[in-house]
Amino acid sequence: MPGLPLIVAAAPPAERLFSLGVADLVIIAAYFAMVLAIGLYLKGQTQTGEDFFMAGREMTAWIAGLSFLSANLGSLELMGWAAASYQYGLLAVHWYWIGAIPAMLFLGVVMMPFYYISKTHSVPGYLQLRFGESSRALAAVSFAFMTVLMSGINMYSMALVMKVVLGWDINFSIWASSLTVAAYVALGGLRSAIFNEVLQFVLIWAGALLIPILGLYEAGGWAGLQARIAEQLGRTDFTHAWSTLGSFQDNPMGVHWTGIVFGLGWVISFGYWTTDFLVVQRVLAAKDLRAAKMAPIIGAAFKMMVPFIVIVPGLLGLALLPEKLVGEAEAVATGGHSYNEVLPLMLARYCGPGLLGLGITALIAGFMAGMAGNVSAFATVWTYDLYRAFIKPDADDAHYVAMGRWCTILGVMVSIGTAYLVMEFESIMDYVQALFSFFIAPLFGTVILGMLWKRATSAGGFWGLLTGTLSSIAMWAWVKLDPSALRYVALSPHAKDMAENLYRGLWSWIICVVVTVVVSLATRPKPDSELVGLVYGCTPIPSENDVALWRRPIFWAYAVAVVFVALNLYFW
Amino acid sequence: MNLDIRTPIGLLFLIIGALLAVFGLATHFTDPALYDRSLGVNVNLWWGLAMLIFGGAMFHYGRRATARLIAAAQNP
C-alpha cells in the first residue's frame, strides 16, 4: 500500500541506536558498487525507446513478478508495517493479505490481457486508447506530479531513519542514495531499474530473515509467541486476524470486518495494485502474455510471505523487548524508543557487526527500489504521455530516449527539492499523502469500466474520472475545514484517519462509476471496431488449452488462493 | 540482451557471504562474546555460508544460461 504510516519525529533522540564497524561498511559499499555496475553494463544495451521505457518487453515472469513486488516494498513500508504490528497486533497482516492478494490475482487473470494486448506503454496510455486524449492528460498529469512528490517524501523519511538509527547526516543520506538511483536508472532505463529491484528484493530477504528465525526460536515458536504476548498485555486479541473484527470496540485497531473487506480489500487495494502505473509498468515489460499474467501471480505468492519478515518481527518486539515502545511524541519527550524503530531494534537485538551491515544494506536496498520505481515511472509518463502527446509529437526515437534520461535526473532533482521542502514545512507530508489517495480510487473505477463494459464512452470516462477525483478532494477539504463533517464522510464522528481514507476512497469510486455510466448512456457509443484489443467482449484472448495445466496462470492463481485462505483460517 | 540477472545476484551474494564467513570465523575464537546476543550461535559464519551456497547456485545457473544463449546465437 502506498500510504506510509511511518513518520519519524523531526527531533530524534540525540543518541543513535547503533554504529557500524568496518565489516558493515564494506558490505554496504559492495552493494552500491554492484548496483552501479549493473547500470553501467546495461547502458550499452539500451538504445531504443522500447529498451529504455519498456525494458525491451523481454522480461520473464519471475523477473517481472519479483520487481513488481519489489517496487512496492520500500524500506519505509517494511519499518512502517513492523511498527503497525507492534501497535495493532496481527491485524496489520490484512494490508499484506486481503489488501493485496485478491487484487494481484485479479490483475493477473482478468485485467492483464487487456493491458498487454493493447500494447500500451503505460496506464495513462491505456486510457488514451480507450477514452481519448483528455482522460490521458488528466491521469498523466496527476500521476507524474504525485510520483515525484511521493518520492521526495520517502527520501526525507528515509534520511531521517538513517539519522535516528545510525546517526548519519541527513544531507549525506539524501544525496548519496538518490544520486546512485539517478545514475543507474538514467543509464540503463527500466531494464536497469527492474534488474536492480530483483537484486534488492533478494537482499531484503537475506538481511531480514534472521530476525524472525532467531526470534521465533527464542520465543518458543508461534504458540510461545502468542503466550508471551498474552502474558505481557493481558489480552489475546493481538494475535488474531479475524476473530476480533465482529465489532468496532473489540480489537486494537477499532475497525469492523466490513471496513477491512470492502474498503481495504476492494476499493483501495484494487485501485492501487491494478492501476498504479508504478507497479503495472513492471508487468507491461513481460515478454509475452503468459509471462504478463504469471508475473502478478508470482508477486502475490511472495507478497503472502512478506509478513514473516515484517509483521512477525513487530510481534516479536511486543513479546521480547524488555522496554515498552511508545508513540513518536512521547519518545521524543522521554528519550525512549518509539515503535517506529521496532525493526531496527530487533535487528540490533540479534545481529552484531557483520550481519548488522547486511541488515542496513537491506533497508537501503528497499528504499532505493521504491525510489527507482518512482523515477522510472515518472520518466515514462512524462516522455510518452505528456511530452510526446502534447509538446513534441513527431521527434525521432533517439530524441525521446535522451528525454527519458534527462527526465530521470530531473525527477530525482525535483524529489530532492521536495525532500528539503518537507524538511522545512513538516505539514506538507500530511497533505501529499492525502493527495495520493485522491487519484487511486476514481482511476480504478474508470479503468475497470473501460475494460469490462463496452458501452462506456470517451466522454463518460473523462467526466467520471474528473468528478471522482474532484469529489475526493472536496470531501478531504470539507473535513479539513469543518472537522464535524467527519460524521458524514466516514459515517462516524470518531473515525480515525485510516477509516476516513477508506470511506473517502469508496465514495469517490462510486461517484466515478455513477457519473461514467450516466454520461456514457447519454452519449453515442463507440463502434466495436474501435474497441478491439481494449475491452472485454471485443478482444480475442488466446486460448490456453494447448498448454499443460501446470503452466497455466489460472492454475497457479488457484494455488495461491488456496494458500491465502488457509493462512487466514490458521491465524483466524 | 545477454545479462542474466542471476549472475550479478550470485556474485554479490558470493562476495558478502565470503566476507561474513571469514569475519565470523575470525571472531569465533577471538571474540565469542560477540555472539551472545544471537543466542550463542555464530550467525555471521552460518549465514555467510548459507549466502555462499545460494550465491554459488545463482552464479552457476546464470552463467550456464548465458553460455547457452551465446552458443545458440553462434550456431543457429
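Chain letters run A, B, ... following the sequence lines, proteins first and then strands; every chain starts at 1.
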So, for B:Phe23 and A:Pro353, which heavy atoms are closest and what is the spacing to 0.1 Å? CE2-O, 3.4 Å
Minimum heavy-atom distance A:Ala30-B:Ile15, with the two atoms named: CB-CG2, 4.4 Å
Let me see the working for B:Ile5 and A:Ile194 under side-chain contact (heavy atoms from CB on, under 4.5 Å), right down to the final yes or no. CA-CA 10 Å; B:Ile5 183 62; A:Ile194 285 181; over 6 Å; no
Heavy-atom distances under 4.5 Å only: say whether [X] touches chain B with side chain, backbone, both or neither.
X	answer
A:Leu358	side chain
A:Leu199	both
A:Leu214	both

Worked verdict on B:Trp47 versus A:Leu355 for side-chain contact (heavy atoms from CB on, under 4.5 Å): CA-CA 8 Å; B:Trp47 202 245; A:Leu355 270 176; 3.4 Å; yes
Close side-chain approach of A:Tyr41 and B:Pro8, heavy atoms under 4.5 Å: no
So do the side chains of B:Leu12 and A:Leu203 get within less than 4.5 Å of each other, counting heavy atoms only?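 B:Leu12 reaches A:Leu203 side chain to side chain.
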Counting only heavy atoms not in A:Arg57, do more than 12 sit closer than 6.0 Å to its CZ atom?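 For A:Arg57, atom CZ is crowded (more than 12 foreign heavy atoms under 6.0 Å).
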Where on B:Ile9 is there a heavy atom nearer than 4.5 Å to chain A: the side chain, the backbone, both, or neither?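 Both parts, backbone and side chain.
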Counting heavy-atom pairs under 4.5 Å with chain A, the top scorer among B:Thr27, B:Leu20, B:Val41, B:Leu11 is B:Leu20
